[in-house]
Colleague: 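Following this message is one structure expressed as structure tokens.
Here is how names work: the chains are called A, B, and so on, in the same order as the sequence lines, proteins then strands, and each is numbered from 1. Every heavy atom of this structure was used, including side-chain atoms; hydrogens, water molecules and symmetry mates were not. As the structure is a prediction and not an experimental result, all values here were calculated from the model.
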Amino acid sequence: MHTEHIPTRAGEFTATFSERGLASLDFPRANSARNGTNGNSTRPASVARWVRLTRSALDDVLDGREPRELPPFDLAAGTDFQRSVWRELLKIRSGSTRSYGELAARLRKPGAARAVGAACGANPVPVLVPCHRVLAANGRLGGFSGGLDWKKRLLSAEGVVPRGA
DNA sequence: ACTGGGTAAACAG
DNA sequence: CTGTTTACCCAGT
């Protein structure tokens, strides 16, 4: 697993890549200790390319644009259900939203709204797998593992204003 | 605005 | 297996 730091307008994200692709993405640390560069001297060409893809896709989403191309993801860590939720998230276009219940219905699991929320919370690749586009059925924010401020910020970049904010 | 019950999934023990 | 915890939802007060 290669760990890479990805600078953006919004701070430095931390990404980890497996042989298969982007496996996790973390929001900039509040303390953002500029820890020495990643210790990995050997960086396969594939990873170098994935880093570029990740950075430009991040820049796009942070500015409210639809990314032209996404890096490949390695979501093997999730359960079948979680992966099905994450796949569904990728279908939500920039600027549009769904409710947890709508997602559940779309997965043919009506009543699993709460489970969908839990799966969103377990999303290892926030921002690029756009869990921030899922709101509660009443139009309010719901939660966000990276902190609600990030959810608001990402939605705001896409021109979405949830109820009560 | 608040409460309670229903629900699916992950996890600890 | 049972109990606990969720980024939920809806129908009643």
Colleague: For nucleotides 11-13 of chain B, which of its nitrogen or oxygen atoms have a protein nitrogen or oxygen under 3.5 Å away, and what is each distance?
Modeller:
none

Colleague: Indicate yes or no: at least one non-hydrogen side-chain atom of Leu128(A) is less than 4.5 angstrom from one of Pro71(A).
Modeller: yes
Colleague: Given Arg98(A) and Glu88(A), is the salt bridge (Lys or Arg N to Asp or Glu O under 4.0 Å) satisfied, shown in steps?
Modeller: CA-CA 10 Å; Arg98(A) 295 265 158 69; Glu88(A) 202 63 33; 5.3 Å; no
Colleague: Figure out the CG/P separation between Leu141(A) and dC8(C), and round it to whole Å.
Modeller: 11 Å
Colleague: What does the 5'-to-3' dot-bracket notation of DNA chain B look like when only Watson-Crick and G-U wobble pairs under 3.5 Å count, and pairs to other strands show as |?
Modeller: ||||||.||||||
Colleague: Tell me whether Arg83(A) at atom CZ has more than 12 heavy atoms from other residues, nucleotides or ligands lying less than 6.0 Å away.
Modeller: yes
Colleague: Look at all strands and tell whether Ala112(A) reaches a base, only sugar-phosphate, or nothing, counting heavy atoms closer than 4.0 Å.
Modeller: sugar-phosphate
Colleague: State whether the number of non-hydrogen atoms from other residues, nucleotides or ligands found under 6.0 Å of Arg93(A) atom CZ is greater than 12.
Modeller: no
Colleague: Quick check: do Thr14(A) and Leu25(A) have side-chain heavy atoms less than 4.5 Å from each other?
Modeller: no
Colleague: Salt bridge or not between Glu4(A) and Arg55(A)? Use side-chain N to carboxylate O under 4.0 Å.
Modeller: no
Colleague: Side-chain N or O of Lys109(A) less than 4.0 angstrom from OP1 or OP2 on dA9(B)?
Modeller: yes
Colleague: With no hydrogens and no angle check, is any side-chain donor or acceptor of Lys151(A) less than 3.5 Å from a backbone partner on Val134(A)?
Modeller: yes
Colleague: Checking Asn138(A) side chain against Arg140(A) main chain: does a donor-acceptor pair fall under 3.5 Å?
Modeller: yes
Colleague: Do any N or O atoms from the side chain of Glu66(A) and from the backbone of Ser94(A) form a donor-acceptor pair under 3.5 angstrom?
Modeller: yes
Colleague: Look only at the side chain of His2(A) and the backbone of Thr42(A), and say whether a donor-acceptor pair between them is shorter than 3.5 Å.
Modeller: yes
Colleague: Can you measure Asn123(A) atom CG to dA9(B) atom C1' for me and round it to whole angstrom units?
Modeller: 16 Å
Colleague: Using the P atom on both, measure dA7(C) against dG6(B) and round to a whole Å.
Modeller: 22 Å
Colleague: If I take atom CD in residue Glu88(A) and atom C1' in nucleotide dA9(B), what distance separates them, rounded to the nearest angstrom?
Modeller: 17 Å
Colleague: Students often mix this up, so state it plainly: with edges at 30° and 60°, are the rings of Phe27(A) and Phe144(A) parallel, tilted or perpendicular?
Modeller: perpendicular
Colleague: Output one line per pair: protein atom, nucleotide atom from nucleotides 9-12 of chain C, and distance, for all N/O pairs under 3.5 Å.
Modeller:
unit_1, atom_1, unit_2, atom_2, d
dC9(C), OP1, Gly101(A), N, 3.0
dC9(C), OP2, Ala137(A), N, 2.8

